[in-house]
Amino acid sequence: MENKYPHHEIEKKWQQYWRDTKLMNMDEASQKPKYYCLMMFPYPSAALHVGHGRNYIIGDAVARYMKMKGYNVLAPMGWDAFGLPAENAAIKSGIHPRESTFNNITKMKSQLEEWGVLYDWDREVTSCAPDYYKWTQWLFLKLYEKGLAYKKEAAVNWCPDCRTVLANEQVVNGACERCSAEVQQKKLKQWFFKITDYAQKLLDDIQSLKGWPQRVKTMQANWIGRSEGAYIDFKVEGLDKTLTCFTTRPDTIFGATYMVMAPEHPFIEDVLQVSENKDEVIKFLAKIKGQSSFQRQAEQVEKEGVFSGLYVINPVNQEKIPLWIANYVIYGYGTGSVMAVPAHDQRDFEFAKKYNLNIRLVIDSPKDSLDGSLMKSAYEDVGVLVNSGKFESMPSDKAKKAITSWMQDKNMGKKAITYKLRDWLISRQRYWGAPIPIIYCDKCGIVPVKEKDLPVELPDDIEFKPTGVSPLEDKKEFIETTCPKCGGAAKREADTMDTFVDSSWYYLRYLSPGNEKIAFDKKAVDKWLPVDQYIGGVEHAILHLLYSRFITKVLFDIKAVGFKEPFANLFTQGMIIKDGAKMSKSKGNVVNPDELIKKYGADTVRVYTLFIGPPEKDAEWNDRAVEGAWRFLNKVWRLMYQITQGGSSLITDETLITSLLVKTNEVIKKVTFDIENSFHFNTVISSIMELVNSTKEVVDKQAELNNLKDEVKSESSFDAGKTLQTICLLLSPLAPHICEEMWRKMGHEESVFLYSWPEYDKKALSLGQVEIIVQINGKVRSRLNFNKGISDEQMKKSVLEDEKVKNLIANSIIKKVIVVAGKLINIVVS
RNA sequence: GGGCGAGUGGUGGAAUGGCAGACACGUGGGACUUAAAAUCCCAUGGAUGAAUAAUCCGUGUGGGUUCGACUCCCACCUCGCCCACCA
């Protein structure tokens with residue numbers, strides 16, 4: 001008997017076998033029900049650490065489990081291969097992004113293999129390959145045709161020293177992460193996708209996502225940020241101009257004592273022409289410009305503003321109120337100008353206090369009556385209207401509607417719905433991305449590349465040193481082209497697409513990998529989607545998932561797909577923490593799986609990773625605890641030898657047979673439930689551990705009995721080898737290599753993954769005895785054993801007749817007896 | 001400031017409103033061994049106690065609902081994550 005299982009030999013052998021037999025490849029011809037198990041495809045940055053591993057190990061366990069449950073499983077994998085890090089590395093080291101990316105892919109692929117994580121590699125997609133980004137460009141053209149792609153000016157983070165555009169994550173405390181120069185805002189004409197057209201649909205359909213975690217749905221809803229209110233028009237005094245503001249509190253309109261607009265508001269041009277206070281305004285604007293939008297949004301910035309010198313007229317009471325410009329108003333939400341009601345909005349209140357602006361109470365608290373001059377903070381709750389003309393003493397929630405429709409009638413304003421969701425800026429002034437398929441012609445203007453001319457290929461030979469423009473801009477051979485319309489000289493768009501565009505549709509491409517005619521086959525995607533189980537990190541809860549939902553809805557509207565939502569079920573696994581921080585290379589706390597696999601084998605790493613805690617929660621990695629998983633697998637391995645070769649597999653003792661049968665079936669039931677219900681592999685493993693422990697106990701005890709008596713006479717017998725097979729099947733999705741090996745050693749010709757998942761036997765569960773807890777007034781006082789299936793009445797009777805229980809009750813009066821079937825009896829006495 | 005989570009032994013964690021601490025890690029003790037590793041066995045929330053007797057306390061804090069609360073309700077405290085001056 002071998003003491004330690006030889007993981008080195010076993011793992012390589014079975015990985016090779018699974019690869020050769022294409023175990024996890026989807027079968028197009030199969031009649032079995034489909035199961036699309038999708039893991040978020042990774043960015044090929046560098047070597048994977050055990051934190052990444054959690055995602056793939058969970059996914060692999062699910063895929064293998066579903067296969068054994070009789071599904072035709074599709075488990076593909078690919079690479080989100082465009083992006084900034086590879087380009088930054090190129091700037092630093094001179095290695096071409098293509099080279100470093102494909103090196104990383106090779107490395108990561110072999111790591112996945114070593115983990116025993118199986119995919120249908122025949123369907124691999126790589127987003128930086130021309131045969132993939134051709135169709136990302138095709139998607140752009142489709143959005144362009146539908147009027148969902150448009151160009152407008154937008155600010156970017158600009159580092160004046162590096163002369164380059166920075167992503168938000170490259171800006172640290174308002175400074176460039178590389179050279180620490182202060183980041184500026186620079187305006188560029190950029191491409192957007194009109195996701196705001198789908199804001200309401202994206203919000204409405206959240207409720208159809210039954211298999212998504214509630215918190216992700218809430219995050220999406222908050223991100224879309226619908227609010228109902230009204231647009232209200234204020235005439236500017238002395239000018240033939242109107243300023244419109246958005247408010248969610250039209251009930252407070254009579255309390256508007258000033259108006260305030262964002263420093264970026266275009267009306268400021270007018271202000272500068274006519275204002276008597278224009279010097280102050282200019283001074284203020286200069287000061288605000290010094291604060292980047294990054295600074296303005298970080299932390300609590302002191303509210304600052306300036307009087308514009310102009311007044312506007314409150315339409316409901318013709319009151320003349322001052323117009324201010326302040327840093328706390330965001331241009332880009334609502335209309336960029338706000339009616340300020342200091343009595344009922346905390347921000348307005350603080351601002352009014354600072355600049356001595358009027359505070360007028362218009363909503364009185366129903367509890368105690370308020371006084372505007374004495375208030376210490378704004379009253380933002382509901383209440384009853386005061387100082388509000390004909391709406392006096394109306395409840396504020398009712399007044400919201402009443403005032404809005406009254407204003408609508410009088411042409412002062414109208415009902416309005418706004419969203420926080422902004423259009424999706426997809427232009428990147430970068431090289432390593434899919435080129436935007438657009439051509440600029442002096443005669444014809446903006447002309448999309450013809451579909452037949454796709455892909456617009458990225459040139460290989462590129463200078464990476466930052467020059468202030470997209471590296472493609474300097475590449476004459478790329479930029480200079482001819483107009484698809486008139487054939488004249490024209491220029492290509494030099495920007496590339498946000499990598500979120502690449503990842504917004506990759507799950508469709510898996511159904512038609514390598515197809516040169518179409519992006520994806522409608523029949524195939526309609527059969528296989530929505531994805532049955534999507535697994536990934538919660539960090540993608542908003543952007544990636546929202547963009548994918550948006551693109552799916554657009555594709556549905558152009559009849560390219562027949563479903564409205566891409567992912568039916570979503571599982572977001574928790575992060576792996578080490579030394580109190582998320583595992584990451586920059587923090588230097590990564591645990592390298594290669595060494596662990598070398599020492600203990602992939603199955604040990606898998607079992608420990610799954611055992612560490614509930615998969616949706618963050619978990620602290622503990623190197624020492626890995627040993628526990630290793631010991632467990634060796635225990636199973638030794639148990640196999642004990643049963644198959646020790647000659648002690650036949651259980652003849654009646655009690656032992658019953659206890660083993662009951663335990664086995666209980667564990668099958670629990671393991672199946674925990675996987676189906678919640679992917680709680682941590683309790684799955686602990687249950688299997690219990691089964692292994694009790695099987696060993698039973699086998700040992702039987703051996704003892706056999707030693708006592710020379711001849712064992714028994715009516716019935718049970719082969720412990722059957723339980724061992726069950727253990728092997730239950731454990732195989734989690735620790736596939738060792739189970740495959742044991743399965744074959746037990747005499748099976750075919751892979752364990754071609755066998756069916758065990759079903760539990762209801763009859764077996766009702767065998768034997770059950771311990772009943774006896775409580776008196778809710779406190780545990782005794783335990784008694786009964787045969788399973790005893791009636792509540794009978795059990796109650798026996799308990800009350802029990803000597804110990806009688807003594808405990810003594811002279812007290814029994815008021816009530818509560819019986820919980822198969823569990824407990826509570827005797828309430830006084 | 002808003003939203004979402006989470007608080008249980010020395011540690012990770014377990015518990016459809018029904019035995020709190022399963023299963024592991026760690027620690028202590030023992031067996032085997034010349035010794036070690038490996039393996040196996042025992043103990044392991046706290047207090048009183050000679051005790052494997054018995055009793056009491058114990059799931060962040062304070063209330064409540066209930067025969068019975070880690071679990072449900074209310075208020076609060078602490079920590080984590082995401083968003084953040086959204087009118």
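A note on names: the letters A, B, ... follow the listed sequences, proteins ahead of strands, and every chain is numbered from 1.
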Participant: So which heavy atom on A:Ile363 is nearest to which on A:Asp381, and how close?
Facilitator: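 Closest heavy-atom pair between A:Ile363 and A:Asp381: CG2-O, 4.1 Å.
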
Participant: Of the candidate nucleotides B:C4, B:C67, B:A24, which contains the atom at the shortest distance from the side chain of A:Met689?
Facilitator: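 When the side chain of A:Met689 is considered, B:A24 is the closest of B:C4, B:C67, B:A24.
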
Participant: With heavy atoms under 4.0 Å as the rule, sort A:Asn826 into base, sugar-phosphate or nothing.
Facilitator: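 The answer is base, as A:Asn826 lies within the cut-off (heavy atoms under 4.0 Å) of a base atom.
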
Participant: Hey, does A:Phe632 reach any base, or is it just sugar-phosphate, or nothing, if we go heavy atoms under 4.0 Å?
Facilitator: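 No contact.
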
Participant: Rounded to the Å, how far apart are A:Asp618 CG and B:C79 P?
Facilitator: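 Atom CG in A:Asp618 sits about 17 Å away from atom P in B:C79.
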
Participant: Determine the interatomic distance between C1' on B:C25 and the same-named atom on B:G13; round to the nearest Å.
Facilitator: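 Straight-line distance between the two C1' atoms is 10 Å.
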
Participant: Partner lookup for B:G1, please. Criteria are Watson-Crick or G-U wobble with both distances under 3.5 angstrom; report none if nothing qualifies.
Facilitator: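 Across any shown strand, B:G1 pairs with B:C83.
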
Participant: Provide, to the nearest angstrom, the distance between the NZ atom belonging to A:Lys617 and the C1' atom belonging to B:G5.
Facilitator: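 Taking atom C1' of B:G5 as the reference, NZ of A:Lys617 is at 9 Å.
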
Participant: Tell me the partner of B:A22, counting only Watson-Crick (N1-N3 plus N6-O4 or O6-N4) or G-U wobble (N1-O2 and O6-N3) with both under 3.5 Å; none if nothing fits.
Facilitator: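 Across all strands, not a single nucleotide pairs with B:A22.
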
Participant: Please tell me which of the listed nucleotides, B:A15, B:C4, B:C19, lies nearest to the side chain of A:Arg783?
Facilitator: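 Of B:A15, B:C4, B:C19, B:C19 is nearest to the side chain of A:Arg783.
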
Participant: What is the base-pairing partner of B:U66, counting Watson-Crick and G-U wobble geometry with both distances under 3.5 Å?
Facilitator: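 Per the H-bond distance test, none.
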
Participant: Closest to the A:Val329 side chain: B:A24, B:C25, B:A87?
Facilitator: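 Closest nucleotide among those given: B:A87.
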
Participant: My understanding is that a pair needs two contacts under 3.5 Å, Watson-Crick or G-U wobble. By that rule, which nucleotide pairs with B:U48?
Facilitator: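 WC or wobble partner is B:A54.
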
Participant: Can you tell me if A:Arg631 touches the phosphate of B:A37, counting only side-chain N or O atoms and a distance under 4.0 Å to OP1 or OP2?
Facilitator: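 For A:Arg631, the contact criterion (side-chain N or O under 4.0 Å from OP1 or OP2 of B:A37) is not met.
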
Participant: Any side-chain N or O of A:Lys303 under 4.0 Å from OP1/OP2 of B:C85?
Facilitator: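 No.
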
Participant: RNA chain B: A:Glu771 or A:Lys779, which has the more 5' nearest nucleotide?
Facilitator: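 The residue mapped nearer the 5' terminus is A:Glu771.
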
Participant: Only pairs with both distances under 3.5 Å count, Watson-Crick or wobble alike; so what is the partner of B:C32 in this structure?
Facilitator: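 The base-pairing partner of B:C32, which may sit in any strand shown, does not exist here.
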
Participant: Answer yes or no: are there more than 12 heavy-atom neighbours, outside A:Phe673 itself, under 6.0 Å from its atom CZ?
Facilitator: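 Atom CZ in A:Phe673 is not crowded, with 12 or fewer foreign heavy atoms closer than 6.0 Å.
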
Participant: Would B:G28 be called syn or anti here, given the cut-off of 90° from 0?
Facilitator: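 It is anti.
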
Participant: Taking the side chain of A:Arg638 as heavy atoms from C-beta outward, which of B:A38, B:C23, B:U39 is closest to it?
Facilitator: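 The listed nucleotide nearest to A:Arg638's side chain is B:U39.
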
Participant: If we take the P atom in both B:C72 and B:C19, what is their distance in whole Å?
Facilitator: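 These two P atoms come out 16 Å apart once rounded.
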
Participant: Without decimals, in angstroms, what is the distance between A:Trp637 CH2 and B:U39 P?
Facilitator: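 These atoms are roughly 16 Å apart.
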
Participant: When all nucleic acid strands are considered with a 4.0 Å heavy-atom cut-off, which category describes A:Ile773: base, sugar-phosphate, or nothing?
Facilitator: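 The answer is base, as A:Ile773 lies within the cut-off (heavy atoms under 4.0 Å) of a base atom.
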
Participant: Which heavy atom in A:Ile612 sits nearest to a heavy atom in A:Trp621, and how many Å separate them?
Facilitator: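 Heavy atoms only, the tightest pair is CD1-CA, 3.9 Å.
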
Participant: In whole angstroms, how far is the C1' atom of B:C40 from the CG atom of A:Leu639?
Facilitator: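 Nearest whole value for this atom pair: 14 Å.
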
Participant: Nearest-Å distance, CH2 (A:Trp621) to P (B:A24)?
Facilitator: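 Value for this atom pair: 18 Å.
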
Participant: Can you tell me if A:Thr196 and A:Tyr419 form a side-chain donor-acceptor pair at under 3.5 Å?
Facilitator: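 No donor-acceptor contact under 3.5 Å links the two side chains.
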
Participant: What distance, rounded to whole Å, do you find between the two P atoms, one in B:A22 and one in B:G45?
Facilitator: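 Here B:A22 and B:G45 have their P atoms 8 Å from each other.
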
Participant: Closest to the A:Thr247 side chain: B:C40, B:A87, B:A14?
Facilitator: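 Comparing B:C40, B:A87, B:A14 against the side chain of A:Thr247, the answer is B:A87.
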
Participant: Counting heavy atoms from C-beta on, name the nucleotide in B:C85, B:C82, B:C23 closest to the side chain of A:Ile330.
Facilitator: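 For A:Ile330, the side-chain atoms sit closest to B:C85.
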
Participant: With both distances under 3.5 Å as the test, what is the Watson-Crick or G-U wobble partner of B:U61?
Facilitator: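 Pairing partner: B:A75.
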
Participant: Please name the pair of heavy atoms, one in A:Val828 and one in A:Asn777, separated by the smallest distance, quoted to 0.1 Å.
Facilitator: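 Shortest heavy-atom contact: CA-OD1, 3.3 Å.
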
Participant: Within the structure, does a side-chain N or O atom of A:Arg624 lie under 4.0 Å from either OP1 or OP2 of B:U11?
Facilitator: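 No, outside the criterion.
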
Participant: Rounded to whole angstrom, note down the P distance from B:U65 over to B:U27.
Facilitator: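 Their P atoms lie roughly 47 Å apart.
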
Participant: Measure from the ring center of A:Phe351 to the ring center of A:Tyr258 and say whether it is less than 6.0 Å.
Facilitator: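 Yes, they do, as the ring centres are separated by less than 6.0 Å.
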
Participant: Mind checking the C1' distance from B:A47 to B:C74? Whole angstroms is fine.
Facilitator: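 Nearest-Å result for B:A47 against B:C74 at atom C1': 33 Å.
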
Participant: Taking any heavy-atom pair under 4.0 Å as a contact, classify A:Arg422: base, sugar-phosphate, or nothing.
Facilitator: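 Nothing: the residue A:Arg422, judged by heavy atoms under 4.0 Å, touches no strand.
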
Participant: Sort out the partner of B:A43 for me: Watson-Crick or G-U wobble, both distances under 3.5 Å, none otherwise.
Facilitator: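 Matched B:A43 with B:U27 under the 3.5 Å cut-off.
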
Participant: Categorize A:Gln775 for me: base, sugar-phosphate, or nothing, with a 4.0 angstrom heavy-atom threshold over every strand shown.
Facilitator: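 Base, at least one base atom sits under 4.0 Å.
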
Participant: Would you please say whether a donor-acceptor pair under 3.5 Å links the side chains of A:Asn826 and A:Lys816?
Facilitator: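 Side chains of A:Asn826 and A:Lys816: no pair found under 3.5 Å.
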
Participant: Map A:Ile685 and A:Asn777 onto RNA chain B by nearest heavy atom, then report which one ends up closer to the 5' terminus.
Facilitator: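 Its nucleotide being nearer the 5' end, the pick is A:Ile685.
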
Participant: Students often get this wrong, so: under 4.0 angstrom with heavy atoms, is A:Val780 touching a base, only sugar-phosphate, or nothing?
Facilitator: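 Sugar-phosphate contact only.
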
Participant: Does OP1 or OP2 of B:A87 have a side-chain N or O of A:Tyr328 closer than 4.0 Å?
Facilitator: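 A:Tyr328 to B:A87 OP1/OP2: no side-chain N or O under 4.0 Å.
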
Participant: Nearest to the A:Pro614 side chain among B:A15, B:C23, B:G13, which nucleotide is it?
Facilitator: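 Between B:A15, B:C23, B:G13, the one nearest the side chain of A:Pro614 would be B:G13.
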
Participant: Considering only side-chain heavy atoms of A:Phe611, which listed nucleotide, B:G3, B:A24, B:C4, is closest?
Facilitator: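 So the nucleotide nearest the side chain must be B:A24.
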
Participant: Flag the pair A:Phe500 / A:Trp424 as yes when their ring centroid distance falls below 6.0 Å, and as no otherwise.
Facilitator: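 Ring centroids of A:Phe500 and A:Trp424 are no less than 6.0 Å from each other.
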
Participant: To the nearest 0.5 Å, how far apart are CD1 in A:Ile738 and CZ in A:Phe632?
Facilitator: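 With rounding to 0.5 Å, CD1 (A:Ile738) is 8.5 Å from CZ (A:Phe632).
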
Participant: Could you work out the separation of B:A14 and B:C67 based on their P atoms and round it to a whole Å?
Facilitator: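 These two P atoms come out 30 Å apart once rounded.
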
Participant: Which value, in whole Å, describes the distance between the P atoms of nucleotides B:A51 and B:C32?
Facilitator: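 Pairwise P distance, B:A51 against B:C32, rounds to 28 Å.
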
Participant: Can you check whether A:Asn682 has a side-chain N or O nearer than 4.0 Å to OP1 or OP2 of B:A14?
Facilitator: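 Yes, A:Asn682 has a side-chain N/O under 4.0 Å of OP1/OP2 on B:A14.
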
Participant: Rounding to the closest angstrom, what is the interatomic distance between B:C76 and B:G9 at atom C1'?
Facilitator: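 Looking at atom C1' only, B:C76 and B:G9 are 26 Å apart.
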
Participant: B:A87 P sits how many Å from A:Tyr331 OH, rounded?
Facilitator: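 That distance rounds to 18 Å.
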
Participant: Using the ring centroid of each side chain, check whether A:Trp637 and A:His7 are separated by less than 6.0 Å.
Facilitator: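 That pair fails the under 6.0 Å test.
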
Participant: Could you tell me the separation between the CE atom of A:Met219 and the C1' atom of B:G2, rounded to a whole number of Å?
Facilitator: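 Interatomic distance, CE of A:Met219 to C1' of B:G2: 13 Å.
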
Participant: Counting any heavy atom closer than 4.0 Å, what does A:Val828 reach on the DNA or RNA strands: base, sugar-phosphate only, or nothing?
Facilitator: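 Sugar-phosphate contact only.
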
Participant: Have a look at A:Gly334 and say if it touches a base, only the backbone sugar-phosphate, or nothing, with a 4.0 Å heavy-atom cut-off.
Facilitator: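 A:Gly334: no heavy atom of the nucleic acid under 4.0 Å.
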
Participant: Write down the distance between OH (A:Tyr419) and C1' (B:A87), rounded to a whole number of angstrom.
Facilitator: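 The answer, rounded to whole Å, is 17 Å.
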
